[in-house]
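First comes the structure, then the notes that go with it.
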Amino acid sequence: MDNIDKLVNKLTLEEKAALCIGASAWTTVDVDRLGIPSMVVSDGPHGVRYVPDENEIARKSLPATCFPTASCLSATWNAALLEEMGEALAEEALALGVDVLLGPGANIKRTPLGGRNFEYFSEDPYLSGQMAASLIMGIQGKGVGTSLKHYVANNQEFQRFSISAEVDERTLREIYLRGFEIAVKQAKPWTVMCAYNKLNGQFCSEHHEILVDILKNEWGFEGLVVSDWGAVRDRVKALNGGLDLEMPGPQDRRVKQVVEAVQSGDIDIGTLDETVRRILRIVFKAQETKGELSFDEAAHHQLARRIAGEGIVLLKNDGVLPLKDHSRIAVIGYAAKVPYYQGGGSSHINPTMLDVPMEELQKLAGETELIYAQGYPERDVYEQPLIDEAVGAAESAEVALLYLALPTSKESEGYDRPDLELTAHQVALIKAVAKVQPNLVVVLNCGSAVTVQPWEADTRAILQAWMMGQAGGGAVADVLMGLVNPSGKLAETFPLKLADTPAYINFPGDAGEVRYGEGIFVGYRYYEKKQIPVQFPFGFGLSYTSFEYSHPQVLEHFEDIDGLTVSVDVTNTGNTAGSEVVQVYVHDIESSLTRPEKELKGFAKVMLEPGETKTVSIPLDFRAFAFYHPRYHTWVTEDGDFEVLIGASSQDIRYKLTTTLSSSLRLPCMLDKESTIREWLADPRGAAVVKPVFEDLKARFAVMFEDDGGIGVDAETMIIDMPLVSVFMFVRQFFPTPVEDIVADLLEKAHARDK
Ligand code: BGC
């Protein structure tokens, strides 16, 4: 018996029940007599929000480094860098006395309107999963826990405490669960935080299938499931559903409920013991780590700058960037002096220091004179004099830099964005400045996509600087001045307009439900399938240098379980050192279920000196080719040809290679009395018995439809998607045996071939 089991044996029922709910907003219950300590948790995800008063939820936290938020992090496509950030976060957590950091968030950006999109990585589950895993490995590698959140289908803020996300099984598996699955399996987070919302009618906090069957049993998650703060409605149902730790506490009523439920048999004592074991394992794990009492603020600020620099995406540049030796630059925009670097809500960090973008630019610009104009007001109101002043400044300069940030109240936890636009004032500002100054560069600060189309043509360059963290001002200056060559690529599509977006007609839902009607077609999967043009595609980002791809290689044949490796040479063909993000997408040429045009399945970031060539190898595993089959309730591969697409973005595909997959799966025969002829033919066991029957039926239908001038119907096309039994019904007069019996006999023969 291990120590945890011994402790569980010594705990009273009341103590066990008490351990399952927080002692305060941020701590767990201790049991002094048995030496069980309390554990401290704090938000996350892009900094440590340690609130010293454990009974306060929203109070100002102690200073900690505010790193860029997740949308900027994922735009780096740099897993190693995220691990490094994770290590820094852990050092800060230890210095502040925090055992578990509440993050990262791996929810999918289903719509660019999502209020918390800035806290999430991507519209793509593979990228989300990899980024989350890297961060977790960095943090936990230093002995601090994480909480992967918000599990699952928490993709909007509207009615987030109650709405039911209606998601079909395949979509859930391939899109919304997938990132969590990758992170759980690769990085083993200490805790997973359940979402507030319902999934298909059931609260995530009580959802046995997602918490127990999938997370704990199928994926092997050994940590504890913690509720989002206030997500538990029914403590007994939640405990039986797999929710271990309820937060926040204390709530004596809940403790009592658990005790009574065990006494009445509504909760099995085995279930409670298992929950307590999971909690204690993490509480004691946290005890093993002893950290320093301080951290290097300056070094972490520098790291935050480096990360922001790698996440900034150069969306447009006709040569105006990097800035040359100008004598006068107009720096316009409220955000040039008041940096916009994080979003609203529980992730709000109290930074250790804060770069002012204009000051950082001046430090690098040396003798160049910078003239400032505010350009637009702090709040979303119209003030013509600010535009007039900006026009004056722009006119007198050689270049105008416009630092434009969304109003701070627009991107927050708790509510979604109403639209994708910059403010009307900001658009008017761009238009007015463009009239007097053609060298116009826009620096955008926003946590998710905005509409660029109404003013894109007025600019010569656009820099997407996200919510760039406390050192973002310096990072933007680095990129503008060319000290950093931009290498960020979009982890989310920038659409032309809101009405083009995948969830447009199914968001934010009504009558308590939001239907995920677009299914697996989220983000680029949707735009490509529907051939909808976009402003900037997924995976896109420019550089100050250029890259050429050559010698792509992939095996011609492979067996799914072996996976395969794609390789390609990348050469820096320009004059500046720089990094390229090589992306590998997979396209299934023929499939029994509909599939996206392409899906990201691998990537690598490679740094190259001018003229240098490196070979990049990217492994693809079974899952890179599989889809989730709702009928078999499992991941399935099918024999046949796949295209492996090597690209610099989802739309800039440099090579299309073909490879042939042999499936190692032997799926059970799923034919039943309702199966259509097409389904019979698609199953080799069905085809073997039904082919001759089909030929016969076809001939009979042809006679029926075509004799005496016919009724204008093509027999084969009509019957192929009818259940076999229905086809027989129309020609039953030709068969002595009842047609149901004929079908039953064929089914038996087909299933016999399964044995
Ligand atoms: C948020 C979580 C956060 C928690 C604690 C909740 O409202 O959804 O992301 O970790 O509060 O602050």
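Quick caveat, the model's predicted, so the values are computed rather than measured. Just so you know, ligand 1 is whichever comes first in the structure, and atom 1 is the first atom listed for that ligand. The chain is numbered in sequence order, starting from 1.
- Classified by interplanar angle (parallel below 30°, tilted 30° to 60°, perpendicular above 60°), the ring pair Y151/W219 is perpendicular.
- In this structure, the protein non-hydrogen atom closest to atom 10 (O) of ligand 1 is D43 OD1, 2.5 Å.
- Counting only N and O atoms by type, the side chains of S448 and E411 include no donor and acceptor under 3.5 Å apart.
- Cation-pi geometry between K198 and F203 is satisfied (NZ or CZ under 6.0 Å from the ring centre, within 45° of the ring normal).
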| task | Test salt bridge (Lys or Arg N to Asp or Glu O under 4.0 Å) on E274 and R277 and set out the steps. | result | CA-CA 5 Å; E274 168 60 10; R277 261 195 294 275; 3.5 Å; yes
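- Near D228, the atoms of ligand 1 lying under 4.0 angstrom from a non-hydrogen atom of the residue are 1 (C), 2 (C), 3 (C), 4 (C), 6 (C), 7 (O), 8 (O), 11 (O).
- Checked against a 3.5 angstrom limit, the closest N/O atoms of R160 and ligand 1 fall inside it.
- Relative ring orientation between F603 and W77 is described as perpendicular, the plane-to-plane angle rising above 60° on a 0-90° scale split at 30° and 60°.
- Less than 4.0 angstrom separates some heavy atom of W26 from each of these atoms of ligand 1: 5 (C), 12 (O).
- The shortest N/O to N/O separation between K149 and ligand 1 falls below 3.5 Å.
- Under 4.0 Å from ligand 1, the heavy atoms of R49 that appear belong solely to its side chain.
- For R110 and F507, the positive end is not near the middle of the six-membered ring at less than 6.0 Å and at most 45° from its axis.
- Ligand 1 is never approached by F161 to a heavy-atom distance shorter than 4.0 Å.
- Heavy atoms of H150 come nearer than 4.0 angstrom to ligand 1 in at least one pair.
- Contact annotation: E119 has no heavy atom less than 4.0 Å from any atom of ligand 1.
- Applying the 4.0 Å criterion to heavy atoms of E413 picks out, from ligand 1, the atoms 1 (C), 6 (C), 7 (O), 8 (O).
- With no hydrogens or angles considered, a side-chain donor-acceptor pair links H301 and D355 at under 3.5 Å.
- Atom numbering of ligand 1 starts at 1 in the shown order; those under 4.0 Å from a heavy atom of R116 are 1 (C), 2 (C), 8 (O), 9 (O).
- Near M193, with a cut-off below 4.0 Å to any heavy atom, the atoms of ligand 1 are 10 (O).
- At the top of the distance list for atom 7 (O) of ligand 1, counting protein heavy atoms only, stands Y196 OH, 2.7 Å.
- Looking at V152, L215, T171 one by one, the single match for side-chain contact (heavy atoms from CB on, under 4.5 Å) with L177 turns out to be V152.
- If you run salt bridge (Lys or Arg N to Asp or Glu O under 4.0 Å) between K142 and each of E84, E91, E83, only E91 comes through.
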